[in-house]
*Asks:* 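Pasting a structure below so you can have a look.
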Amino acid sequence: MKTLVLRRFGACVLVTVLGCGPSPAQTARAPVPAPARAAPTAASAAPPPPVAPSPQARPAVDFPVPKPGVVTPIDASAAGAALEAARLESGTCESSRAAAHERAQPLIRKMKEDVEQRYQDYVSNLPECWRRYRENEEYWKAVKRGQGSGGLSVSGIGVGGGGRGMGIGLGSIGTIGYGGARGPRVAQSMSKTNTQVAEVDEPDLVKTDGRYLYLSINGALRIVEALNPRVLSVTRVGGKVRELFVEGDRAVVYSSHGQRPSQPCKYGYDCRFGGDGSSTSISVFDVRDRTQPRLVRSLELSGSLITSRRIGNTVHTVVADGDADAPPYDDWMDVPECGVKLTAVRKRVEALKQRNVQKILEHVAHWGPTLKEKGETRRLCERVYATQLSDGAPYTTLVSFDLSDDARAAVTTSVRSRPGAVFASTGALYLAVAEANRSRAPRKRLGSREISQIHKFQLGKAPEDTRYLGSGVIPGHVISQFSMDEWYGYLRVASSRGRVPDPEVSSVVSVLAENAQGNLVRVGAIEDIAPGEDIRAVRFEGERGYVVTFKKTDPLFVLDLLEPAQPRLLGELKIPGFSTYMQRVDKDHLISIGFDADDRGGFAYFDGLLLQLFDVKVPTEPKLLFREKIGTRGSGSAAATDHLAFNYFAERGLLAIPATVCSGGGNGQAGSLELSGLLVYDVSVERGFRRLGSVDHGRGGDCNGWWSKSTSHVQRSVFLDQLVYSIATDRAKVQSLDRLGTDLADLDLERF
């Protein structure tokens, strides 16, 4: 059996065919050094996927590559008519207006049903209300005649006000950060944003270049001198500030306006990847003078922020229009419970319906995404795509712009679809949308009662390279961006049908490729993984995949994904508890965060945070090396449901996680708060987890949180030389790694 091997020499890649030994598909392979992720070639409308990786992205080592050009659908794949239905078709402004008008009709019908139901509820309560009204009327008549119970007394309540005094300590570190005339000193070692793909930056609350920290917190862009912790500037940004990118002397800050923005869904077990009805502003700042950032560009999008990515100087932003849960109408008005004639109420009900019809028509007249820049608003309806499987209501838009060229127009592509989980490689962006349409055809072909659409968009070095490529469908739903990964043009997706405690729940890993027609077809799959359990964590690395499922115990599955048409399970490890996030320590080891479990026979309670180290050197026999349990039931961490809060600094073997530590809990009951702050560990595959100390923020902890919505008062952390920043929404504490527990600085993040 021949094996394809690539070797890199300088800028050249040598392809060699070796004929010795069995193929990787015939025997469990020895572990292969994990290469850096390749920068995928920008996908085109026709396969095959690239055979050779980008020479700039691969190290000079031997590594296996998948067989190129596999596009034959597997038997269980959605094929033919179902795929044609999934593929997006180009639309126009006129078709968008027609879709908006079509959308208005069911909204109007639902509005009338809602208002009528409220009216019927009002009428049904009238007898009791009128009885109380008559009794009250008789009482006051009796009082007026002098037959009451002694007259009236008037009581008053005096309310006094209190105040709160707050003081802050702003520490400095003296000689640590003094840079003289050349400016602040740059850190020699620093942790960076925990991104999924090395060359694809993700937005976050904090960024650092080693010289400065940039924070988008509490309505402002805040710039801090890194090694001499002090706030250099606070620049107000309108709306609710969300997250930012920093590249060179440019900062891109996102903020939301309008409705109260909801917490974004990043771990979609108990939340929906969707919009919240707010609009989005993108503010680009020139920060060459860190003490006085200067706004140089502003983009206003009608949609609510889903996520974004930065590749070089090009920023790609995903927003959703018309995806809010709140309807665009009122279902009742201010009417006294009784005392008003029913005929008068009925007239007001009919008037309310008419006003609502007008509201809905006005709402859909502006339905669809818009972009405003330099005072000019353009409707984004020329590059709109729709699919027969879509519910046709909301829009999801991908906006690409150059952060270094303010005169270069933004490029947009819109899909008439709800938003979903987003994964991006250097060459493509994928949108996984759990299907809300009731069409049965694709479900029948997939043999699944639950499906998701996958839409693929090309990304390139310039905004103009962004375009729609193709679509496909998979069984089940995904829980996060880590459920997807691209490798040599193949997309691997881990999904679950249903959710525990559904006895029919099961999971599947699908391998998809783009065929000549532009469709994404399933060319391989591992079906029925852990029946009765659902997926809690996924990680793909090269030819390997790692999946954690759970019901009572935590099976860690190791997958062989080298052959796209023949993926397979290699090994399985069952242990108590479950992971919600995993990443590699090195080619042979995984680190994870999740929750311990208290097995109660037919079910299990989640019980305390859990850090684990796994040995996957022998993929058929994964092993648990070390586990560190933190607190009891009620303990939580932002890092459990948001990978950006998980700060594993591999260069120095350090781990920092925000934590709400609760003690005394158990048997399904939450404990009491012990610590709200940041935990810092030394991590070693030889010694396990060694706690170095903690940064205590003293307040803000909640021991009643649910595991799938786990959070903490502290949100992020940054390592800079010997310093560790512990960042909450109200303040950032700075401590030295050799003096944890003592503040070197305490920076107020609420002050303007």
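Just so it is clear, the model here is predicted, and its values are computed rather than measured.
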*Asks:* How about S637 and I593: do any of their side-chain heavy atoms sit closer than 4.5 Å?
*Replies:*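 Side-chain contact under 4.5 Å: yes.
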
*Asks:* Compare every heavy atom of S216 with every heavy atom of D204, then report the nearest pair and how far apart it is.
*Replies:* O-OG, 3.8 Å

*Asks:* Please check if the distance between the ring centroids of Y267 and Y581 is under 6.0 Å.
*Replies:* no

*Asks:* Aromatic rings F649 and F719: how do their planes relate, parallel, tilted or perpendicular, breaks at 30° and 60°?
*Replies:*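 F649 and F719: parallel rings.
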
*Asks:* How long is the span from the CG atom in L655 to the CG atom in N647, to the nearest 0.5 Å?
*Replies:* 7.5 Å

*Asks:* With distance as the sole criterion, is a donor-acceptor pair present between the side chains of E486 and Y430 under 3.5 Å?
*Replies:*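 Short answer, yes.
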
*Asks:* Does V287 offer a backbone N or O that forms a donor-acceptor pair with the side chain of R290 under 3.5 Å?
*Replies:*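 Such a contact is found between R290 side chain and V287 backbone.
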
*Asks:* How long is the gap from CD on E376 to CG on L371, to the nearest 0.5 Å?
*Replies:* 11.0 Å

*Asks:* Would you call E373-R297 a salt bridge at under 4.0 Å N-O?
*Replies:*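 So E373 pairs with R297 through a salt bridge.
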
*Asks:* For residues I306 and L431, determine if any side-chain heavy atom of one lies less than 4.5 Å from a side-chain heavy atom of the other.
*Replies:* no

*Asks:* Does any N or O in the side chain of D702 come within less than 3.5 Å of the main-chain N or O of N704, such that one atom is a donor and the other an acceptor?
*Replies:* yes

*Asks:* Please confirm whether the backbone N or O of T632 pairs with a side-chain atom of D607, one donor and one acceptor, at under 3.5 Å?
*Replies:*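 Pair absent, no side-chain N/O of D607 close to backbone of T632.
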
*Asks:* With side chain to side chain contact (heavy atoms under 4.5 Å, CB included) as the test, would you mind laying out the steps for T195 and V200 before giving the verdict?
*Replies:* CA-CA 7 Å; T195 60; V200 181; over 6 Å; no

*Asks:* The test is side chain to side chain donor-acceptor pair (under 3.5 Å); show your working for T641 and K709 and say whether it passes.
*Replies:* CA-CA 7 Å; T641 52; K709 298 180 180 179; over 6 Å; no

*Asks:* Any donor-acceptor pair under 3.5 Å linking the side chain of R539 with the backbone of R584?
*Replies:*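 Pair absent, no side-chain N/O of R539 close to backbone of R584.
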
*Asks:* To the nearest 0.5 Å, what is the distance between CD (E686) and CZ (F626)?
*Replies:*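 Here the interatomic distance stands at 8.0 Å.
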
*Asks:* Using a strict 4.0 Å threshold on nitrogen-to-oxygen distance, state whether D743 and K733 make a salt bridge.
*Replies:*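 Judged by the 4.0 Å cut-off on N to carboxylate O distance, D743 and K733 do form a salt bridge.
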
*Asks:* Give the intermediate values and the outcome of side chain to side chain contact (heavy atoms under 4.5 Å, CB included) for residues R691 and E628.
*Replies:* CA-CA 10 Å; R691 188 183 294 191; E628 168 87 353; 4.3 Å; yes

*Asks:* Any heavy-atom pair between the side chains of I591 and F689 that's under 4.5 Å?
*Replies:* yes

*Asks:* Please determine which of Q196, Q481, R310 meets the side chain to side chain donor-acceptor pair (under 3.5 Å) test together with E202.
*Replies:*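 Only one of Q196, Q481, R310 forms a side chain to side chain donor-acceptor pair (under 3.5 Å) with E202, namely Q481.
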
*Asks:* Does any non-hydrogen side-chain atom of H713 lie less than 4.5 Å from one of D730?
*Replies:* yes

*Asks:* Determine yes or no for a side-chain-to-main-chain donor-acceptor pair under 3.5 angstrom, with N194 supplying the side chain and F646 the backbone.
*Replies:*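 Indeed, once roles are kept as given, a pair shorter than 3.5 Å links the two residues.
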
*Asks:* How many angstroms lie between atom NZ of K192 and atom CG of D201, to the nearest 0.5 angstrom?
*Replies:*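 Going from NZ on K192 over to CG on D201, the span is 9.0 Å.
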
*Asks:* Closest approach of Y254 and T317, non-hydrogen atoms and distance?
*Replies:* OH-OG1, 2.6 Å

*Asks:* Is there a side-chain contact between S302 and D321 (heavy atoms, below 4.5 Å)?
*Replies:*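 Counting from C-beta outward, S302 and D321 do come under 4.5 Å.
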
*Asks:* May I ask you to decide if G239's main-chain N or O and S255's side chain share a donor-acceptor pair within less than 3.5 Å?
*Replies:* no

*Asks:* Where the side chain of S684 meets the backbone of G688, is there a donor-acceptor pair that is under 3.5 Å apart?
*Replies:* no

*Asks:* Compare every heavy atom of G303 with every heavy atom of V319, then report the nearest pair and how far apart it is.
*Replies:* CB-C, 3.9 Å

*Asks:* Is the backbone of C662 close enough, under 3.5 Å, to the side chain of S635 for a donor and an acceptor to pair up by distance?
*Replies:* yes

*Asks:* Is there a donor-acceptor contact under 3.5 Å linking the side chains of Y269 and T580?
*Replies:*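 No, no side-chain donor-acceptor pair sits under 3.5 Å.
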
*Asks:* Do you know the tightest heavy-atom contact between A421 and M484?
*Replies:* O-CE, 3.7 Å

*Asks:* Is the positively charged end of R633 above the ring of F606, judged by distance under 6.0 angstrom from the centroid and angle within 45° of the axis?
*Replies:* yes

*Asks:* Over all heavy atoms of both residues, which pair between Q715 and P658 is shortest? Give the atoms and the distance, please.
*Replies:* O-CG, 3.8 Å

*Asks:* Which distance, rounded to the nearest 0.5 Å, do you find between the OH of Y681 and the CZ of R690?
*Replies:* 12.0 Å

*Asks:* Does a side chain donor of either D696 or S694 reach within less than 3.5 Å of an acceptor in the other side chain?
*Replies:* no

*Asks:* Side-chain contact, heavy-atom cut-off 4.5 Å: S717 with S726?
*Replies:*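 No, their side chains stay 4.5 Å or more apart.
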
*Asks:* Between S676 (side chain only) and T660 (backbone N and O only), is there a donor and an acceptor less than 3.5 Å apart?
*Replies:*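 Looks like no, no N/O pair under 3.5 Å.
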
*Asks:* Step by step, would you call D209 with Y214 a side chain to side chain contact (heavy atoms under 4.5 Å, CB included)?
*Replies:* CA-CA 9 Å; D209 54 16; Y214 309 83; 2.7 Å; yes

*Asks:* Looking at R288 and D249, is any side-chain nitrogen of the basic one under 4.0 Å from a carboxylate oxygen of the acidic one?
*Replies:* no

*Asks:* So for atom NZ, which belongs to K629, do other residues, nucleotides or ligands contribute more than 12 heavy atoms lying within a distance under 6.0 Å?
*Replies:*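 Check passes, neighbour count above 12.
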
*Asks:* So, taking the atom named NZ in K374 and the one named CG in L299, what distance separates them when rounded to the nearest 0.5 Å?
*Replies:*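 Those atoms lie 10.0 Å apart.
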
*Asks:* For L625 and V685, work out which heavy atoms get closest and say how close.
*Replies:*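 Result for this residue pair: CD1-O, 4.0 Å.
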
*Asks:* How are the rings of F578 and F550 set relative to one another: parallel (under 30°), tilted (30 to 60°) or perpendicular (over 60°)?
*Replies:* tilted

*Asks:* Any side-chain donor paired with an acceptor under 3.5 Å for R309 and T307?
*Replies:* yes

*Asks:* Under a 3.5 Å threshold, yes or no: a donor from one side chain and an acceptor from the other, between R716 and Y725?
*Replies:* no

*Asks:* Heavy-atom distance under 4.5 Å between the side chains of R250 and V296, does that happen here?
*Replies:*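 Result yes, sub-4.5 Å side-chain heavy-atom pair found.
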
*Asks:* Can you check whether G219's main-chain N or O pairs, donor with acceptor, with R236's side chain at less than 3.5 Å?
*Replies:* no

*Asks:* Any carboxylate oxygen within less than 4.0 angstrom of a Lys/Arg side-chain nitrogen, looking at D289 and R294?
*Replies:* no

*Asks:* Do F423 and V478 pass the side chain to side chain contact (heavy atoms under 4.5 Å, CB included) test, and can you show the C-alpha distance, the side-chain angles, and the key distance before you say yes or no?
*Replies:* CA-CA 11 Å; F423 164 77; V478 305; over 6 Å; no

*Asks:* Can you confirm whether more than 12 heavy atoms, excluding those of E651, are under 6.0 Å from its CD atom?
*Replies:* yes

*Asks:* Could you check if a side-chain atom of L301 sits within less than 4.5 angstrom of a side-chain atom of T397, using non-hydrogen atoms only?
*Replies:* no

